[in-house]
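Have a look at the structure below, then the notes.
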Amino acid sequence: MRYFDSVKYLAGRTLQYRFKIIITSIIIILLFGMVNFWFSMKVMSGIRSYVGGESLWSKSQKDAVNYLVKYSSSHDQADYDHYLIFIKVSKGDRQAREELNKSNPNITIVKEGFIQGGNSPKDVNDLIFLYKWFRHVSYMESAIKIWAAADGEIDNLTALGNQIHEEVAGSSPTEQTLQNVYAANSRLTVLENDFSSTLGDGSRGIAMTLMAITLFMTCLLGALAVTSAVLIAKATVRLDRAKTEFVSLASHQLRTPLTAINWYAESLLASNKPKRLPKQQKQLEELYGASQRASRLVSDLLSVSRLDLGTYQTEIKSTDVNIILNTILKDLEATIKKKSLQISKKTDKHIPKIKLDSRLLTVVLENLISNSIKYTPERGKITISLSIKKSRLIVNISDTGIGIPKSQQAHIFEKLYRADNAKEMEAHNTGLGLYVCKAMVDRMGGSITFESVENKGTDFHVKIPVIVEGRSHGKYGTKSKG
Ligand code: ADP
């Protein structure tokens with residue numbers, strides 16, 4: 001599957017499926033780490049057991065030779081018996097080796113052999129493990145060959161032992177027999193040294209091989225995990241973008257019919273011809289209210305999707321903030337009247353034109369003012385002030401509404417977040433407005449803050465850097481317009 005196909009494939013999967021892929025990769029890496037650790041430990045422990053076994057083997061072989069030489073002069077049966085005990089040790093290891101070479105070894109015979117060879121029963125499993133897994137690996141193969149050659153020399157020594165035993169029974173062992181024992185002993189010393197150094201080289205070689213395998217597998221699995229994480233992240237972004245594009249398209253398509261519904265509902269409400277029954281009047285008002293809410297939702301969704309997609313194009317132009325404010329208030333007039341709210345507008349009478357993106361400012365003011373209206377009970381008071389200070393447009397909107405509970409204030413700018421008291425008061429809202437406001441104010445390089453006390457009211461403060469047209473930036477007084 002090509003890279004882009006993989007992204008496409010993952011984009012079509014559920015979030016759970018994508019998580020499963022990440023979790024599975026992590027589990028595979030962990031399992032591999034554990035198996036690798038266990039395997040390395042077994043191998044190292046096996047090597048250590050063979051090194052220990054070899055020194056026992058050599059010591060017994062030397063003791064056997066010493067007792068045999070001693071016996072040849074003492075003729076004491078006890079010395080010969082000691083010789084027999086020590087020579088038996090190497091025969092135990094041989095039994096294990098020869099059994100392990102069979103295609104279907106009898107593990108009981110192998111274990112008996114190693115224990116007879118003086119190995120600790122705790123090491124026997126590691127000795128078997130290493131033999132089985134590494135007998136065809138070069139170092140181990142050489143060590144096993146040396147071991148077999150040494151067993152051949154032990155056969156030789158055994159024959160010499162028998163010969164000495166017979167010669168002692170007659171008179172005395174010949175000088176030649178003793179020379180043969182010394183020669184076999186010297187050859188065994190060489191073989192024992194070779195065995196030790198081959199095992200030493202082997203343990204270093206195996207350690208390096210294990211390290212290389214670990215490194216390679218870790219890199220491979222790490223790359224696999226990173227690639228799947230990147231693929232999943234890309235697929236998620238792609239999916240999110242597709243969703244946002246869909247929302248953007250759907251909102252755009254909904255805007256036109258909603259404008260028509262709004263416009264017709266408004267003009268029907270404005271005229272009382274033909275005369276309507278009270279029930280019809282109420283239904284019309286509800287229709288108008290619902291279409292207003294739907295329009296707000298659609299415009300919020302459109303703004304959110306444009307911001308999320310990064311397709312919003314800023315348009316700086318000369319703007320009269322008073323006109324914007326008055327238009328917004330006019331649009332909200334019906335609701336203001338219905339709730340008998342007292343609106344106090346404090347703006348500079350001669351506020352100059354400023355340069356900024358008027359669409360952004362309109363969305364911010366619309367959202368903040370309509371929130372104040374929504375969340376202020378009947379006969380409450382809303383104060384809106386606009387001023388320009390030091391090339392900054394300063395907007396304050398305060399109300400005597402339900403306020404925002406202190407514990408929920410930290411989340412208020414989050415997408416879709418709504419405080420509990422707001423949900424109780426106005427069930428049909430989305431929690432998108434303040435998210436949009438914040439994103440837009442940020443885009444204009446400004447700041448938005450608020451203070452609120454539950455059941456007392458809320459003050460929103462917006463500061464936006466602007467270019468003031470045709471005047472030096474003085475201090476502007478305010479005038480109440482009631
Ligand atoms: P919505 O009004 O659709 O719920 P907003 O994003 O505009 O969403 O506001 C988020 C939340 O902030 C509201 O649900 C409400 O809890 C709180 N809020 C905003 N403005 C006010 C206000 N003027 N008075 C009280 N609460 C407010």
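Computed from heavy atoms alone, side chains included, the values below leave out hydrogens, waters and symmetry copies. Remember, it's 1-based here, ligands and their atoms both numbered in the order they're listed. Please read all numbers here as calculations on a predicted model, not as lab measurements.
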Please report the C-alpha distance between Leu393 and Leu361 in whole Å, then the side-chain angles of each, then the deciding distance to 0.1 Å, and finally whether the side-chain contact (heavy atoms from CB on, under 4.5 Å) criterion is met. CA-CA 10 Å; Leu393 170 66; Leu361 182 65; 3.8 Å; yes

In this structure, does ligand 1 have an atom that sits under 4.0 Å from one of the heavy atoms of Tyr417? yes

Which ligand 1 atoms are under 4.0 Å away from a heavy-atom of [X]?
X: Ala419; answer: 14 (O), 16 (O)
X: Ala422; answer: 14 (O), 15 (C), 16 (O)
X: Phe460; answer: 20 (N)
X: Arg418; answer: 1 (P), 4 (O), 14 (O)
X: Leu432; answer: 6 (O), 8 (O)
X: Lys374; answer: 1 (P), 2 (O), 3 (O)

Find out whether Tyr375 and Asp399 are in side-chain contact, i.e. whether some heavy atom of one side chain is under 4.5 Å from a heavy atom of the other. no

Does an N or O from [X], backbone or side chain, lie closer than 3.5 Å to an N or O of ligand 1?
X: Asn421; answer: no
X: Ile412; answer: no
X: Thr430; answer: yes
X: Ile404; answer: no
X: Leu434; answer: yes

I'd like to know if Asp357 pairs up with Arg443 as an ion pair, taking the criterion as any Lys NZ or Arg NE/NH1/NH2 lying under 4.0 Å from an Asp or Glu carboxylate oxygen. no

Identify the protein heavy atom lying closest to [atom], giving its residue, its atom name and the separation to 0.1 Å.
atom: atom 7 (O) of ligand 1; value: Asn371 ND2, 2.8 Å
atom: atom 21 (C) of ligand 1; value: Tyr375 CD1, 3.6 Å
atom: atom 8 (O) of ligand 1; value: Gly431 CA, 3.0 Å
atom: atom 23 (N) of ligand 1; value: Asp399 OD2, 2.9 Å

Where the side chain of Asn326 meets the backbone of Asn322, is there a donor-acceptor pair that is under 3.5 Å apart? yes

Side chains of Ser340 and Glu378 only: does a donor on one sit below 3.5 Å from an acceptor on the other? no

Taking the six-membered ring for Trp and the single ring otherwise, decide whether the centroids of Phe195 and Trp57 are under 6.0 Å apart. no

Step through it carefully: locate the ring centre of Phe134, locate the ring centre of Tyr50, and say whether they are under 6.0 Å apart. no

Which atom pair, heavy atoms only, marks the closest approach of Lys374 to Met425? O-CE, 3.3 Å

For His461, enumerate each residue passing the ring pair (Phe, Tyr, Trp, His ring centres under 6.0 Å) test, keeping only those at least two apart in sequence or located in another chain. none

Do the ring planes of Tyr417 and His411 sit parallel (below 30°), tilted (30 to 60°) or perpendicular (above 60°)? tilted

